[in-house]
Amino acid sequence: MPRLGIALTLAALALLLPSAAAAKPRLCNAGVVQQSLIDAGKLTANDVGFGVVVDLVRCGDITGDGHADALFTLASGGTAGDTRFGVFRGNADGTPGALVLWRPGYVVDPRRLHPASFA
């Protein structure tokens with residue numbers, strides 16, 4: 001019987017504690033980055049319809065301000081792979097701030113940019 005009580009207590013605590021996914025800043029979500037690009041005028045709904053979408057998001061403190069930033073790549077919508085990349089500065093509350101980098105590329109692979117910066 002004591003084992004059951006301990007197990008129930010641990011299960012209740014697990015439900016109360018935030019999960020790792022819940023603690024992740026909203027900025028680290030591809031959908032949030034994609035909407036932020038649309039809001040910034042860098043991407044349109046028409047682009048998304050043709051497959052030009054946020055393909056990869058890597059979060060980390062890229063800008064050195066103590067907040068998580070998002071490095072992202074955009075799929076080309078065709079066979080070229082990822083053809084654009086950029087960085088959104090993260091706000092203290094985990095929301096996207098300013099778009100601080102927006103560059104074209106060909107077969108962009110963020111692991112080649114600076115792997116130590118990304119979580």
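Values below: all heavy atoms of this structure, side chains included; hydrogens, waters and symmetry mates excluded. These figures come from a predicted structure and were not determined experimentally.
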| said: Listing request: all ring-ring contact (aromatic ring centres under 6.0 Å, His included) pairs with a residue in residues 31-68, at least two apart in sequence or in separate chains. | reply: none
| Pairs satisfying ring-ring contact (aromatic ring centres under 6.0 Å, His included), at least one member in residues 24-46, at least two apart | none
| task | Can you sort out the partners of Ala30 under side-chain contact (heavy atoms from CB on, under 4.5 Å), two or more places apart, ordered by chain and number? | result | Val54, Val57
| note | Hits for side-chain contact (heavy atoms from CB on, under 4.5 Å) against Val32, two or more places apart or cross-chain, chain-then-number order -> Asn29, Ser36, Pro96
| Got a sec, which residues hit side-chain contact (heavy atoms from CB on, under 4.5 Å) with Ala40, two or more places apart in sequence or on another chain? | Lys42
| remark: In this structure, CG of Asp69 is separated from SG of Cys59 (nearest 0.5 Å) by 8.0 Å
| message | To check you understand the geometry: which heavy-atom pair defines the closest contact between Ala68 and Leu27, and what is its length? | response | O-CD2, 3.5 Å
| In one Ile/Leu/Val/Met/Phe/Trp/Tyr side-chain cluster, 4.5 Å: Ile38, Leu74 | yes
| query | Residues two or more places apart in sequence or in another chain: which of them pass side-chain contact (heavy atoms from CB on, under 4.5 Å) with Val53? | reply | Gln34, Val48, Ala75
| remark: Taken in chain and number order and not counting sequence neighbours, the residues that satisfy side chain to side chain donor-acceptor pair (under 3.5 Å) with Asp55 are none
| query | Checking Asp61 side chain against Gly64 main chain: does a donor-acceptor pair fall under 3.5 Å? | reply | yes
| remark: For residues 88-107, the salt bridge (Lys or Arg N to Asp or Glu O under 4.0 Å) pairs (sequence neighbours left out) are Asp65-Arg89
| said: Can you give me the closest heavy-atom contact between Thr63 and Val100, atom names plus distance? | reply: CG2-CG2, 4.4 Å
| query | In the single-linkage hydrophobic clustering (I, L, V, M, F, W, Y; side-chain heavy atoms under 4.5 Å), do Leu101 and Ile62 co-cluster? | reply | yes
| said: Membership question, hydrophobic clusters at under 4.5 Å side-chain separation (ILVMFWY): are Val33 and Leu43 in the same one? | reply: yes
| request: Indicate, with yes or no, if Val52 and Phe85 share a hydrophobic cluster defined by side-chain heavy-atom contacts under 4.5 Å among Ile, Leu, Val, Met, Phe, Trp and Tyr. | output: no
| For the hydrophobic clusters of this structure (ILVMFWY residues joined by side-chain heavy atoms under 4.5 Å, transitively), does one cluster hold both Leu71 and Leu99? | no
| task | Please lay out, stage by stage, how Phe88 and Leu37 fare under the test side chain to side chain contact (heavy atoms under 4.5 Å, CB included). | result | CA-CA 9 Å; Phe88 271 107; Leu37 287 169; 3.8 Å; yes
